[in-house]
Amino acid sequence: MNIKQLLSDIVQKAMVAAGLPEGTNPAVSQSSKPQFGDYQANGVMGAAKKLKTNPRELATKVVESLTPALVSAGIAEKIELAGPGFINIHLDKAWLANQLAASAKDKQLGVTQREVPQTVVVDYSAPNLAKEMHVGHLRSTIIGDAVVRALEFRGDKVIRQNHMGDWGTQFGMLLAHLSDKLAANEVAETALADLENFYREAKVRFDDEEGFADRAREYVVKLQSGDAECDKLWQQFIDISITHSEEIYHKLNVTLKRSDIMGESAYNADLPKVIDELMAKEIAVEDQGAKVVFIDEMANKDGEPSVFIVQKSGGGYLYATTDLSACRYRSGELNADRIVIFTDARQSLHFKQVEIVARKAGFLPDNVAYDHCPFGMMMGDDGKPFKTRTGGTIKLAELLDEAVSRATELIKEKNPEIDSELLSEISRKVGIGAVKFADLSKNRTSDYIFNWQTMLSFEGATAPYLQYAFSRIQSIFRKAEVSANSISTKATITEPQEKALALKLLQLEEVLDSVISECTPNLLCNYLYELASLYMSFYEACPILKDDISDEVKTSRLALCANVANTLSQGLDILGIEVMDRM
RNA sequence: GUCUCUGUAGCUCAGCUGGAUAGAGCAUUCGCCUCCUAAGCGAAGGGUCGCAGGUUCAACUCCUGCCAGAGACGCCA
């Protein structure tokens, strides 16, 4: 059910009937204020301007043919013409109730499945395996995962690609250090238990220890030339590091699996071919010893093209080469209709260049969409970015543990009697949910300041608020001694709070469509918060189990409750946030 | 220097293809627990939407210029 789409189609027909050309944008949107109805159509004004006619008169004509299509059809209660040509649509309560009843029966909550499913390759998380995951990896991981779940819910085929950083010069240093540890009879698992520390040790030796840097470079060469001993060492390192990441994914309730990993190293064999093709097609040229592409499409005012290095003068490959290879693999082998990549905003220029070059080279056909979804960096309280190499970064694992322990304290305070098993389950869901929601609810591509208070807040527009709304509903069903799933009654909508709630429930599909096309889970966060908030108002204004409430009203309201509970848990599930029956 | 992103309430942020009186949360102030969970509800105050022009019936939204912050820009990713 997509009310906006439905109304758009109807209004558009009415516009054509009023003499406007086919395809005129009806500009239907949710009304900005309650007094303007539930939806408003603003398209008449723009159209009138083009035709140089009086907008008010034109709107009158549109309303004339709109009235039978909406009011007589029972969809709208009334249609009002306002201002210079606004058409305000007040939806019919009984119609809303019917739509709601229909979506309540549907396991997809009335959200229709995509008619022609797309194959969408989503590249997200992509931690650097040389180090432990830190707060900077949070955004890509959870935003990507939410979008992936939304796509799947809508019926698209998603192929997750975890483009892990498992290659590069820094591994020479790490492998040299690991090799020494193993020679000293240490076990790899133990040596690499604290990756951060291991990296630091290796770096110190690299900077200070005589001869170590040279050995590190040797290891890079050996690694790249496929030396068996070195490869084995590398494999050990990678395996253990991946296990670290998997622990984080598990804690975060993120769907990434080992099989989704397609690290940088996976493209190694293809890189020479990429370069050969670019040279053969004369897209890349040799310049100052390196192979580069001059991109005229991105020239500056003086006509100087943008430069894109695809191979270093020493013959080494760069992430540009890898990303080009990835384009070809994803469109060619994975048959992607759309490729979505979540990385921080610093890589915006890079991905713009990749797309242009990949399209020129034919690695990326025109019918494959290529969406780089950038986001801002995580900044410290001082407004300066977290430097990955200077230490002082907050490990993701530590942040998550902190969140859970803070949640534990809060719950114990509110409910001292709680048994420990339940306590740990709720703490985990609340703590992790709070961290995820704090991040997911922001869309800004600008940088944002990392702050424990914001991240771990349990009040206001937070995950616990939504979880609380859900558990309140469960509490009602417990008290009423009926199960939410057994309610088959159609809700009757009378009170304004009930109508607002019903309308909001029916807007899930609209929201999901935006989340999917724009890659913006924050819209779903907003939606769910508004839904929960409307529910809280309903809860205060419309008693359900009180003595003076008739059975009829009671079951009607219980039906609404069931619908809200399902929508909340499904919506939160898409965000990767869990709900609980009590808290 | 060039390009990109950002600038909205004291703070953190929403604001959909231009629409009607710019919205939330936190913080502040005032109400509401003889119980459908107060992690809640209701209400109040709080704004030159960075600045200045322009486009038009209408601009936070589009265009130009400027100011401020961040980032990227030939051999890191």
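The sequence lines fix the lettering, A, B, ..., with proteins before strands; numbering per chain opens at 1. What you are looking at is a predicted structure, and each value in this text was computed from that prediction instead of being measured. Values reported hereafter were calculated over all heavy atoms of this structure, with side chains retained and with hydrogens, waters and symmetry mates removed.
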Counting side-chain heavy atoms from CB outward, which of B/rA39, B/rG40, B/rA70 is closest to A/M377?
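Taking heavy atoms from C-beta onward, the closest nucleotide is B/rA70.
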Given B/rA39, B/rU2, B/rC41, the nucleotide with the shortest approach to the side chain of A/L410:
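The nucleotide sitting nearest to the side chain is B/rA39.
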Taking 4.0 angstrom as the limit, do A/E80 and A/K78 come out as a salt bridge?
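Salt bridge: yes.
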A/R346 bridged to A/D344 by N-O distance under 4.0 Å
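A salt bridge links A/R346 with A/D344.
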Mind checking what makes side chain to side chain contact (heavy atoms under 4.5 Å, CB included) contact with [X], not counting sequence neighbours?
X      : result
A/N2   : A/K4, A/Q5, A/E509, A/E510, A/D513
A/P305 : A/F294, A/D296
A/S32  : A/F36, A/Q40

Given protein heavy atoms under 4.0 Å, the one-letter contact record of nucleotides 17-27 of chain B, with B base, S sugar-phosphate only and - none, is simply B-BBS-SSSS-
Taking the six-membered ring for Trp, are [X] and [Y] ring centroids under 6.0 Å apart?
X      : Y      : value
A/F171 : A/Y219 : no
A/F342 : A/F375 : no
A/Y465 : A/Y468 : no
A/H90  : A/Y39  : no

For [X] and [N], give me the distance from atom [atom1] to atom [atom2], rounded to whole Å.
X      : N      : atom1 : atom2 : value
A/E510 : B/rC16 : CD    : C1'   : 10 Å
A/H372 : B/rU4  : NE2   : C1'   : 12 Å
A/M378 : B/rA70 : CE    : P     : 19 Å
A/I473 : B/rG40 : CD1   : P     : 15 Å
A/L466 : B/rG40 : CG    : P     : 11 Å
A/F351 : B/rA77 : CZ    : C1'   : 10 Å
A/R582 : B/rA39 : CZ    : P     : 16 Å
A/Q170 : B/rC76 : CD    : P     : 12 Å

Listed pairs, N/O of protein and of nucleotides 11-15 of chain B, under 3.5 Å:
{"from": "B/rA14", "atom 1": "OP1", "to": "A/N443", "atom 2": "N", "distance (Å)": "3.1"}
{"from": "B/rA14", "atom 1": "OP1", "to": "A/R444", "atom 2": "N", "distance (Å)": "2.5"}
{"from": "B/rA14", "atom 1": "OP2", "to": "A/R444", "atom 2": "NE", "distance (Å)": "2.5"}
{"from": "B/rA14", "atom 1": "O2'", "to": "A/N526", "atom 2": "ND2", "distance (Å)": "2.9"}

Which whole number of Å gives the distance between the [atom1] atom of [N] and that of [M]?
N      : M      : atom1 : value
B/rC62 : B/rU37 : C1'   : 49 Å
B/rU29 : B/rC67 : C1'   : 37 Å
B/rU8  : B/rG50 : P     : 6 Å
B/rC60 : B/rC51 : P     : 11 Å
B/rU34 : B/rA38 : C1'   : 16 Å
B/rU61 : B/rG46 : P     : 24 Å
B/rU12 : B/rU6  : C1'   : 15 Å
B/rU17 : B/rU21 : C1'   : 23 Å

Do A/Y468 and B/rA39 have a side chain to base donor-acceptor pair shorter than 3.5 Å?
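Under the 3.5 Å cut-off, the side chain and the base do not form any donor-acceptor pair.
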Looking across every strand, which nucleic acid part, if any, lies under 4.0 Å from [X] by heavy atom: base, sugar-phosphate, or nothing?
X      : answer
A/I549 : nothing
A/A345 : nothing
A/S471 : base
A/M583 : base
A/D323 : nothing

Starting at the 5' end of RNA chain B and moving along, which residue's nearest nucleotide shows up first, A/Y465 or A/W167?
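With A/Y465 and A/W167 compared, the 5'-side residue is A/Y465.
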A/I309 vs A/V430, nearer the 5' end of RNA chain B by closest nucleotide
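Going by which nucleotide is closer to the 5' end, it is A/V430.
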Give me the atom names and distance for the closest heavy-atom approach of A/S29 to A/N42.
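That would be OG-ND2, 4.4 Å.
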Show the nearest heavy-atom pair for residues A/D447 and A/M377, with the distance to one decimal.
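Heavy-atom minimum between the residues: OD1-N, 2.8 Å.
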With rounding to the nearest 0.5 angstrom, report the CG to CG distance, A/L51 to A/L58.
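Those atoms lie 7.0 Å apart.
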Spacing of A/Y529 atom OH and A/N522 atom CG [to the nearest 0.5 Å]
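So the OH of A/Y529 and the CG of A/N522 are separated by 15.0 Å.
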Just to verify, what does [X] make a salt bridge (Lys or Arg N to Asp or Glu O under 4.0 Å) with, not counting sequence neighbours?
X      : result
A/K352 : none
A/D166 : none
A/E518 : none
A/D38  : A/K499

Under 4.0 Å from OP1 or OP2 of B/rC76: is there any side-chain N or O of A/T169 that close?
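Result: no.
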Would you tabulate the nitrogen or oxygen pairs shorter than 3.5 Å linking the protein to nucleotides 28-36 of chain B?
{"from": "B/rC36", "atom 1": "OP2", "to": "A/K546", "atom 2": "NZ", "distance (Å)": "3.4"}
{"from": "B/rC36", "atom 1": "O2", "to": "A/I544", "atom 2": "N", "distance (Å)": "3.3"}
{"from": "B/rC36", "atom 1": "O2", "to": "A/L545", "atom 2": "N", "distance (Å)": "3.0"}
{"from": "B/rC36", "atom 1": "N4", "to": "A/Y539", "atom 2": "O", "distance (Å)": "2.1"}

Give a yes or no on whether A/E552 atom CD has more than 12 heavy-atom contacts from other residues, nucleotides or ligands under 6.0 Å away.
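Count not over threshold, so no.
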Taking only N/O atoms, report every protein-nucleotides 59-62 of chain B pair under 3.5 Å with atom names and distance.
none

Report the glycosidic orientation of B/rC33: syn if within 90° of 0, anti in every other case.
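You should classify B/rC33 as syn.
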Using the six-membered ring of A/Y539, assess whether NZ or CZ of A/R472 lies under 6.0 Å from its centre and within 45 degrees of the ring axis.
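Yes, A/R472 and A/Y539 form such a contact.
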Return the stems involving RNA chain B, sorted by first number, where pairs are Watson-Crick (N1-N3 with N6-O4 or O6-N4) or G-U wobble (N1-O2 and O6-N3), both under 3.5 Å, and runs are 3 or more long.
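Ordered by first number, the stems with RNA chain B (at least 3 consecutive pairs each) read B:1-7 with B:67-73, B:10-13 with B:23-26, B:28-32 with B:40-44, B:50-54 with B:62-66.
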